[in-house]
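Here the structure is a predicted model, which is why all the values come from computation and not from measurement.
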Amino acid sequence: MIIKEKSIVINTSPEMIWEMLSSDKIPEWQPYMAKNKRRQYITKINEPEDKYKSGTTMLFDGDCHYKVLESVKNRQIVYHIYEKSFLGNLGGKIFYLIEPLAQGCKFTIRQEMYFPNKFVETLVGNPITMFWFNNQLKSNVESLKNILEKSL
């Protein structure tokens, strides 16, 4: 397992951050996910709040599943990610955490990545890939900050 985490302070309310954490909104601020053009909920969505309920699942480009494991409104949402790849079945958890501050909120992305075997973990965990991955996390939190602070 590989764990990576990145935090940033965003000058906005927990409610504004929360609105951006449903799996259909994530591609708006995560450039890597924006490349997935085919997106659909495979769980029935009757009301906007259904997007945040435990068990709700979105399918990206036919092979990447985002499933809500835990959800505490305006505080955290945890997704289980499962993806088929040429390396085997990859998976993990993504934690999106919101911590209200006196001014704004601390927003954290924590990713726990699981691999089908030690060889794949070693391959993916090399310094070049981890450098890229860290830059992706930094880009994601900065992108969300820019979007939300421009809307004020």
Check the pair Ile98, Ile10 against side chain to side chain contact (heavy atoms under 4.5 Å, CB included), reporting the backbone distance first and the verdict last. CA-CA 10 Å; Ile98 305 167; Ile10 303 176; over 6 Å; no
Phe107 vs Lys6, test: side chain to side chain contact (heavy atoms under 4.5 Å, CB included). Steps then yes/no. CA-CA 8 Å; Phe107 175 67; Lys6 187 70 180 166; over 6 Å; no
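When all heavy atoms of Lys53 and Val68 are compared, the pair lying nearest together is O-CB, 3.3 Å. Nearest heavy-atom pair across Leu21 and Ile17 is CG-O, 3.4 Å. Across Phe60 and Pro27, no two heavy atoms sit closer than the pair CE2-CG, 3.7 Å. Scanning all heavy atoms of the two residues, the minimum distance from Pro100 to Cys105 falls at CA-SG, 4.0 Å. Pairing each heavy atom of Cys64 with each of Ile81, the nearest pair is SG-CG2, 4.1 Å. Across all non-hydrogen atoms, the minimal contact from Asn74 to Pro14 is O-CB, 3.6 Å.
Met58 and Tyr82 are assigned to two separate hydrophobic clusters, defined by single-linkage of ILVMFWY side chains at heavy-atom distances under 4.5 Å.
By the 4.5 Å side-chain criterion applied to Ile, Leu, Val, Met, Phe, Trp and Tyr, Val72 is assigned to no cluster and stands alone. Residue Leu101 shares its hydrophobic cluster (ILVMFWY side chains chained together at separations under 4.5 Å) with Val9. Taking Ile, Leu, Val, Met, Phe, Trp and Tyr as members and joining any whose side-chain heavy atoms lie under 4.5 Å apart, directly or through other members, the hydrophobic cluster of Tyr114 also contains Met1, Ile3. The hydrophobic cluster containing Leu97 also includes Leu69, Val78, Phe95, under a criterion of side-chain heavy atoms closer than 4.5 Å among ILVMFWY residues, counted directly or through chains of members.
At distances below 3.5 Å, at least one donor-acceptor pair connects side-chain atoms of Glu149 with backbone N or O atoms of Asn11. Using a distance-only test at 3.5 Å, with no hydrogens or angles considered, no donor-acceptor pair links the side chain of Thr129 to the main chain of Gly125. A donor-acceptor distance shorter than 3.5 angstrom exists from the side chain of Asn126 to the backbone of Leu123, with no hydrogens or angles considered.
The aromatic rings of Tyr96 and Trp29 lie perpendicular to each other, with more than 60° between the two planes, well past the 30° mark.
A 4.5 Å side-chain heavy-atom check between Ile2 and Phe115 finds at least one atom pair inside the cut-off. Looking at heavy atoms from C-beta onward, Lys51 lies in side-chain contact with Ile45 at the 4.5 angstrom threshold. When side chains are defined from C-beta on, Asn140 does not count as touching Gln111, because their heavy atoms never get closer than 4.5 Å. Contact check for Leu59 versus His65: side-chain heavy atoms found under the 4.5 Å cut-off. For the pair Ser7 and Val141, the minimum side-chain heavy-atom distance is 4.5 Å or more.
Atoms OH and CD1, from Tyr79 and Ile94 in turn, are 9.0 Å apart once rounded to the nearest 0.5 Å. For the atom pair Gln76 CD and Arg110 CZ, the distance stands at 11.5 Å (nearest 0.5 Å). Considering OG1 of Thr12 and CD of Gln103, their distance stands at 10.5 Å, rounded to 0.5 Å. The OG atom of Ser22 sits 12.0 Å away from the OH atom of Tyr66 when rounded to the nearest 0.5 Å. Here the straight-line distance linking atom NZ of Lys4 with atom CG of Leu137 works out to 8.5 Å at 0.5 Å rounding. Interatomic distance, CE of Met16 versus CG of Leu144, reported as 10.0 Å (0.5 Å rounding).
More than 12 non-hydrogen atoms from other residues, nucleotides or ligands lie less than 6.0 angstrom from CD1 of Ile42. Applying the 6.0 Å contact sphere to NZ of Lys67 captures no more than 12 heavy atoms from other residues, nucleotides or ligands.
Listed by first and then second residue, the salt bridge (Lys or Arg N to Asp or Glu O under 4.0 Å) pairs that reach into residues 25-34 are Lys25-Glu28, sequence neighbours excluded. For residues 98-107, no residue pair satisfies the salt bridge (Lys or Arg N to Asp or Glu O under 4.0 Å) rule, not counting sequence neighbours.
Of the candidates Asp50, Asp24, Thr56, Thr57, Tyr41 forms a side chain to side chain donor-acceptor pair (under 3.5 Å) with just one, namely Asp24.
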